[in-house]
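Working notes, beginning with the structure itself.
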Amino acid sequence: MCETNKANMPAEWKMMNALRNQTLELVNGTAAEIIDLVPNGFAYSIRWYVGYILTVWDQAIIQRMGQPSCLPESFATYFCQNQIQSLAPAISLNPILKIPLSRNKETSSETVSELAKWPPTSQLIAYLHRQLTDIQQHTEGKLGVNLVHPYMRIKKLRRMFGVCHQEERMALDAMFRIRLHYEKAHPWQLDCAVGDIEM
């Protein structure tokens with residue numbers, strides 16, 4: 001994290017840090033056995049949502065400021081959905097790969113093969129931490145500037161933070177509900193640390 005006095009930290013950074021702490025707490029407290037499971041009624045897994053959060057912030061803040069992505073190129077392929085295509089500047093859009101995700105305990109060989117290409121959970125957690133520093137370094141003293149690549153009617157960087165806050169909130173809610181589903185359905189302890197799912 002940047003060496004910014006917490007009392008003088010912009011509200012946008014404070015909210016980003018608060019949401020990110022909640023995300024890290026949830027992911028670190030989720031059993032490795034369920035990190036890639038998709039219960040009925042859900043479209044994605046917890047690991048997917050973590051990658052999605054990272055991708056949203058990178059595309060909406062870093063790339064819209066005209067900076068190169070701080071994430072591997074594969075993130076925009078694996079952790080993207082139609083609604084965030086417009087968050088990335090058109091010049092850097094990557095094709096979206098539809099990946100069959102595991103449903104409960106039934107995992108096809110095709111799904112395992114695709115999931116094996118995803119970054120392990122430990123790497124995603126490291127990126128969750130690092131992204132805070134990356135964004136603060138890129139945006140320090142610039143919250144009032146215009147985006148190099150405006151988003152719809154949003155031209156100011158400060159307003160783009162609001163979009164990202166909302167996306168992380170929604171992803172957090174989905175991950176919490178997935179975890180709650182398995183907490184009710186299975187006896188395993190869900191407050192253990194997430195293990196590497198290298199597959």
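- Residues passing the ring pair (Phe, Tyr, Trp, His ring centres under 6.0 Å) test with Tyr127 are Phe75, sequence neighbours excluded.
- Residues Gln63 and His149 come closest through the heavy atom pair O-CD2, 3.4 Å.
- For the residue pair Trp118 and Ser74, no side-chain donor N or O sits within less than 3.5 Å of a side-chain acceptor on the partner.
- Atoms NZ and CG, from Lys14 and Asn8 in turn, are 8.0 Å apart once rounded to the nearest 0.5 Å.
- For the pair Asn40/His181, no side-chain contact is recorded, criterion being any heavy-atom separation below 4.5 Å from C-beta on.
- Contacts of Glu25 classified as side-chain contact (heavy atoms from CB on, under 4.5 Å), with partners at least two apart in sequence or in another chain: none.
- Looking only at distances, no side-chain donor or acceptor of Arg47 sits under 3.5 Å from a matching main-chain atom of Leu124.
- Looking at residues two or more places apart in sequence or on another chain, you find a side chain to side chain donor-acceptor pair (under 3.5 Å) between Gln166 and Arg169.
- In this structure, CD1 on Ile53 lies 4.5 Å from CD on Glu168, to the nearest 0.5 angstrom.
- The side-chain heavy atoms of His129 and Arg20, taken from C-beta on, include no pair separated by under 4.5 Å.
- Using a 4.5 Å heavy-atom cutoff, the side chains of Gln59 and Thr55 are in contact.
- Side-chain contact between Ile61 and Gln67 is absent, with no heavy-atom pair separated by less than 4.5 Å.
- The nearest pair of heavy atoms linking Phe42 to Ala174 is CE2-O, 3.8 Å.
- Checked by atom type and distance alone, the side chain of Arg179 pairs as donor or acceptor with a backbone atom of Leu26 at under 3.5 Å.
- Annotation: salt bridge (Lys or Arg N to Asp or Glu O under 4.0 Å) contacts involving residues 119-135, sequence neighbours excluded, comprise Arg130-Asp134.
- Evaluation of the salt bridge (Lys or Arg N to Asp or Glu O under 4.0 Å) test over residues 51-60, restricted to residues two or more places apart or in two chains, returns none.
- One distance of note links CZ of Phe176 with CD1 of Ile46; it measures 11.0 Å at 0.5 Å rounding.
- Considering all non-hydrogen atoms of both residues, Ala60 and Arg64 come closest at O-CB, 3.3 Å.
- Side-chain atoms of Ile62 and Trp57, non-hydrogen and from C-beta on, never get closer than 4.5 Å to each other.
- In this structure the side chain of Val50 never reaches within 4.5 angstrom of the side chain of Phe79, judged on heavy atoms.
- The CE atom of Met15 sits 11.0 Å away from the CG atom of Asn17 when rounded to the nearest 0.5 Å.
- Atom CG of Leu172 is separated from atom OG1 of Thr23 by 3.5 Å, given to the nearest 0.5 angstrom.
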With a cut-off of 3.5 Å and sequence neighbours excluded, list every side-chain donor-acceptor pair involving residues 152-162.
unit_1 : atom_1 : unit_2 : atom_2 : d
Lys156 : NZ     : Gly144 : O      : 3.2
Lys156 : NZ     : Asn146 : OD1    : 3.1
Arg158 : NE     : Glu12  : OE2    : 2.8

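- For the pair Met16 and Ile135, the tightest heavy-atom approach, listed with the atom from each and the gap, is SD-CG2, 3.8 Å.
- The two residues Val38 and Ala43 come nearest to each other via the heavy atoms CG1-C, 3.8 Å.
- With contacts defined as side-chain heavy-atom distances shorter than 4.5 Å, the pair Tyr182/Glu33 does not qualify.
- The shortest side-chain heavy-atom distance between Ile178 and Ser45 does not fall under the 4.5 Å cut-off.
- The aromatic rings of Trp48 and Tyr44 lie parallel to each other, their planes meeting at an angle below 30°, with 60° marking the opposite boundary.
- Between the side chain of Gln131 and the backbone N or O of Leu54 there is at least one donor-acceptor pair closer than 3.5 Å.
- Considering all non-hydrogen atoms of both residues, Leu143 and Pro10 come closest at CD1-CB, 3.4 Å.
- Between atom CG of residue Leu128 and atom OG1 of residue Thr121 there is a gap of 10.5 Å, rounded to the nearest 0.5 Å.
- Qualifying side chain to side chain donor-acceptor pair (under 3.5 Å) partners for Asp173, counting only residues two or more places apart in sequence or in other chains: Arg177.
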